[in-house]
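Order of the sequence lines sets the chain letters (A, B, ...), proteins ahead of strands, with each chain counted from 1.
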Amino acid sequence: MNDMNYNPLTPFIKGELRIDELRGLIRYHDDKYYGNASPEISDYEYDQLMHELLHLEDEHPELIREDSPSRRVGGQPLKEFATIPHTIAMLSLDNTYSYDELRDFDIRVKKLLGREEIEYTVELKIDGVSASLIYHQGEFQQGVTRGNGMEGDDITWNLRTIRSIPLQLNESMDIEVRGEVYMPVKGFEAFNQTRDVPFANPRNAAAGSLHMLDPKQVAKRPLSIFIHSLGNVPNWTIPTQEQSLCKLQGLGLVVNPYHRLCQGIDEVITYCQECEKLRPDLGYEIDGTVVKVNSLEFQKRLGVTSRSPRWAVAYKFTAQQATTILKDIIIQVGRTGALTPVAILEPVELAGVKISRATLHNEDEIKRKDIRINDRVVIERSGDVIPKIVGVLPAAEGRNAPFIFPTTCPECGAMVIRLEGEARSFCSGVNCPAGRQRRIEYFASKGCMNIEGMGTSVVKQLLEEGIIEDIPSIYTLRKNGDSA
DNA sequence: ATTCTAGGGA
DNA sequence: CCCCAGAATT
DNA sequence: AATTCTGGGGTCCCTAGAAT
């Protein structure tokens, strides 16, 4: 590093040469930085290089180029994120939780394709946030979150700060790729040292980071990305997933090194087992593997359903579990009047999250699992996300009596009705305040009328103060002091 | 300076 | 994000 | 009979901005 500061040339020439040198150095270290590759310099030293480059570019604006690493961090913070439609829907994957289910998947694929044995790829399922990246003539143009699958938020300027996302591909082509943004465990831990309120887990840290309005802040977060698939790509002539990954890597995109081409489902399962062994040493979190039909032609033939492609599944590793005490069962009333029992738990840490509640779905679910108040229960986070009561531990002493599902609505006292052969119970009260509140919330929500500022608590207050009483009355609302 | 609310993501 | 139920589709 | 679609309902974390 000593020679970096020495240069006898005139200021201008020195500036120009040094700018080129700095850009080269920064790109070099960007390459080293991602994934597991151990960086050769500290973040501090890296920041020094970047600062010097920014300073020189400031002095010599005529030398600024769009693909300079200094352009990773944009100017002003954004006001909000624009909504961008996806040309091809960003679906999620169907999940499997056992090798048997993986075999079922294989059977179905073979049946649909009418083939004996299928070639699959197996990749790691990175536990992060998915994103879509659009390159125009080789230049990074736009990055979008998954959103609701049809449209997402424009997070271009945040993604540009991620050093493993090249601003320029090695080929001038139009291509949309998809990948997973994540925070490496080391970076997560180090960054947490700098915070008074530490992040709960790397995934939430990554998700939160991508929604900051100021890219300069995002740039400080240790984010990285693995590209794993194609989005909208006209004239993609490469015939398989495996070769596509190779090509993406050739373009300068970062593809996770652990993936394998497998002949038939048995090889798939073997490799999944290997992946599970890798898990502790990867340096980033994964929650399973992704199995894809290798041939893109076959993928096309299999097609997609409304939620997920038929040519891929996730195989999820067995979830971590914890035990805790079920303190209470409460009954919530939904907008349709449906009564849902919810378990209130003694808070317990599980997989980077504090769990204190879990849905019990309906009356029969409680019976089936024989769940009673004060029981010690086993919980997990299905899909590594949603708290779920797996079962009850045997009690040493006597237990409470079985839970009795209410026969009257806890909110309004009206009769509870459960129709013959149906699973759910409903409050029969036409004017149940809980149901009414939910209905108004729903009506105002983004998916319906998208009335800004009318969330749960505002609706609740308006109802409590008698300012509104039903959906129509929303429209005669007046500003404070104004008369109707 | 701290707490609450809305919206987004998994 | 997961899960469940019920209807629609094959 | 099996698969898919749709809708309802649930959990927790994070950011940003408003309210206190």
Side-chain angles (χ1 to χ4, degrees), chain A residues 77-81 83 90 92-95 97 104 108 111-112 125-131 145-149 151-153 155 158 180-183 195 197-214 217-218 221 285 287 303-308 310 314 316 319 330 332-345 347 349-362 364-365 368 379-389 419 421-424 426 438 441-442 444-447 450-461:
Chain A
L78 277 62
K79 276 264 187 333
E80 58 177 4
F81 298 111
T83 302
M90 281 186 90
S92 48
L93 290 174
D94 206 1
N95 290 324
Y97 295 94
D104 289 344
R108 196 156 69 97
K111 201 161 94 191
L112 286 169
K125 187 166 195 304
I126 312 298
D127 194 9
V129 188
S130 50
T145 64
R146 201 181 72 92
N148 60 11
E151 52 186 31
D153 285 344
I155 51 165
N158 288 343
E180 197 79 0
V181 176
Y182 67 98
M183 191 177 281
R195 285 173 65 91
V197 184
F199 291 124
N201 58 65
R203 183 182 54 207
N204 288 122
S209 300
L210 290 182
H211 274 101
M212 288 199 293
L213 293 173
D214 184 1
Q217 297 306 311
V218 182
R221 306 275 173 105
E285 299 199 324
D287 58 347
V304 301
T305 74
S306 67
R307 304 205 135 126
S308 53
R310 271 187 285 256
K316 297 257 192 154
I330 62 167
Q332 297 194 169
V333 183
R335 91 179 143 90
T336 60
L339 302 184
T340 308
V342 175
I344 305 299
L345 306 165
E349 183 91 8
L350 177 57
V353 156
K354 233 197 188 70
I355 308 294
S356 51
R357 340 166 30 116
T359 179
L360 293 169
H361 298 298
N362 54 52
D364 289 351
E365 175 85 2
R368 227 183 345 257
I379 61 172
E380 61 183 38
R381 293 179 69 202
S382 14
D384 257 5
V385 177
I386 307 297
K388 170 180 164 184
I389 295 191
L419 264 44
E422 296 218 324
R424 279 148 48 189
F426 290 87
R438 293 294 115 69
E441 280 169 25
Y442 181 76
S445 70
K446 191 166 175 177
N450 194 12
I451 304 175
E452 277 175 45
M454 269 196 76
T456 309
S457 58
V458 169
V459 171
K460 186 170 174 225
Q461 276 180 51

| field | Residue whose closest nucleotide on DNA chain C lies nearer the 5' end, Ser92(A) versus Ala423(A) | value |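 The residue whose closest nucleotide sits nearer the 5' end is Ser92(A).
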Side-chain N or O of [X] versus OP1/OP2 of [N]: is the shortest distance under 4.0 Å?
X: Tyr442(A); N: dG8(D); value: yes
X: Ser306(A); N: dC5(D); value: yes
X: Thr305(A); N: dC5(D); value: yes
X: Arg307(A); N: dT4(D); value: no

For [X], check side chain to side chain donor-acceptor pair (under 3.5 Å) against everything at least two apart and list the hits.
X: Glu285(A); value: none
X: Asp364(A); value: Arg418(A)
X: Arg195(A); value: none
X: Asn95(A); value: none

At under 4.0 Å between heavy atoms, what does [X] touch on the DNA or RNA strands: base, sugar-phosphate, or nothing?
X: Lys316(A); value: sugar-phosphate
X: Asn362(A); value: sugar-phosphate
X: Leu360(A); value: nothing

| task | Would you grab the first and last nucleotide of DNA chain C (5' to 3') that comes under 4.0 Å of any non-hydrogen atom in chain A? | result |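 Endpoints of the contacted stretch of DNA chain C: dC1(C) to dG6(C).
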| message | I'd like to know if Asp287(A) and Lys316(A) make a salt bridge, using a cut-off of under 4.0 Å between side-chain N and carboxylate O. | response |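 Yes, Asp287(A) and Lys316(A) are salt-bridged.
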| Looking only at atom P, what distance separates dA5(C) and dT3(B), rounded to whole Å? |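 41 Å, rounded to whole Å.
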| said: What's the gap between dA10(B) and dG9(D) when it is taken at their P atoms, as a whole Å value? | reply: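 One P to the other, the span is 23 Å.
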Give the rounded distance in Å between these two atoms: [atom1] of [X] and [atom2] of [N].
X: Asp104(A); N: dA2(D); atom1: CG; atom2: P; answer: 12 Å
X: Asn148(A); N: dG9(B); atom1: CG; atom2: P; answer: 8 Å
X: Leu112(A); N: dT3(D); atom1: CG; atom2: P; answer: 10 Å
X: Ile155(A); N: dG8(B); atom1: CD1; atom2: C1'; answer: 11 Å
X: Glu452(A); N: dG8(B); atom1: CD; atom2: P; answer: 10 Å
X: Arg335(A); N: dG9(D); atom1: CZ; atom2: P; answer: 6 Å
X: Glu80(A); N: dA18(D); atom1: CD; atom2: C1'; answer: 16 Å
X: Glu441(A); N: dG9(D); atom1: CD; atom2: C1'; answer: 13 Å

Enumerate donor-acceptor pairs with a distance under 3.5 Å from any side-chain N or O in residues 352-359 of chain A to protein atoms, sequence neighbours excluded.
from	atom 1	to	atom 2	distance (Å)
Arg357(A)	NH2	Gln332(A)	OE1	2.6
Thr359(A)	OG1	His361(A)	N	3.0

| said: Under the rule for side-chain contact (heavy atoms from CB on, under 4.5 Å), what residues qualify as partners of Ala319(A), not counting sequence neighbours? | reply: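 Applying side-chain contact (heavy atoms from CB on, under 4.5 Å) to Ala319(A) gives Glu380(A).
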| field | Contact nearer the 5' end of DNA chain D, comparing Thr336(A) with His211(A) | value |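 Whichever sits nearer the 5' end wins; that is Thr336(A).
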| Are side-chain heavy atoms of Thr340(A) and Asn362(A) found at a separation under 4.5 Å? |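 Not touching, per the 4.5 Å side-chain cut-off.
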| Side-chain contact, heavy-atom cut-off 4.5 Å: Arg203(A) with Val385(A)? |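 When only atoms from C-beta onward are counted, Val385(A) and Arg203(A) do touch, with a gap below 4.5 Å.
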Provide a list of protein-nucleic acid N or O atom pairs under 3.5 angstrom, restricted to nucleotides 10-14 of chain D.
from	atom 1	to	atom 2	distance (Å)
dG10(D)	OP1	Gln332(A)	NE2	2.4
dT11(D)	OP1	Arg357(A)	NE	2.5
dT11(D)	OP1	Arg357(A)	NH2	3.2
dT11(D)	O3'	Arg357(A)	O	3.4
dC12(D)	OP1	Ser356(A)	N	2.5
dC12(D)	OP1	Ser356(A)	OG	3.2
dC12(D)	OP1	Arg357(A)	N	3.0
dC13(D)	OP1	Lys354(A)	N	3.0
dC14(D)	OP1	Ala200(A)	N	2.5

| message | I'd like to check the ring pair (Phe, Tyr, Trp, His ring centres under 6.0 Å) partners of Phe81(A); sequence neighbours left out, ordered by chain and number. | response |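 Only His211(A) meet the ring pair (Phe, Tyr, Trp, His ring centres under 6.0 Å) criterion with Phe81(A).
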| request: First locate atom CZ of Arg381(A), then atom NZ of Lys388(A), and finally report the distance between them rounded to the nearest 0.5 Å. | output: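 Arg381(A) atom CZ to Lys388(A) atom NZ measures 13.5 Å (nearest 0.5 Å).
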| Between dT3(D), dA10(B), dG9(D), which nucleotide gets closest to the side-chain atoms of Arg108(A)? |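 Of the candidates, dT3(D) comes closest.
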| field | Nearest-neighbour nucleotide for the Met212(A) side chain, dG8(D), dA16(D), dG9(B) considered | value |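 Nearest listed nucleotide: dA16(D).
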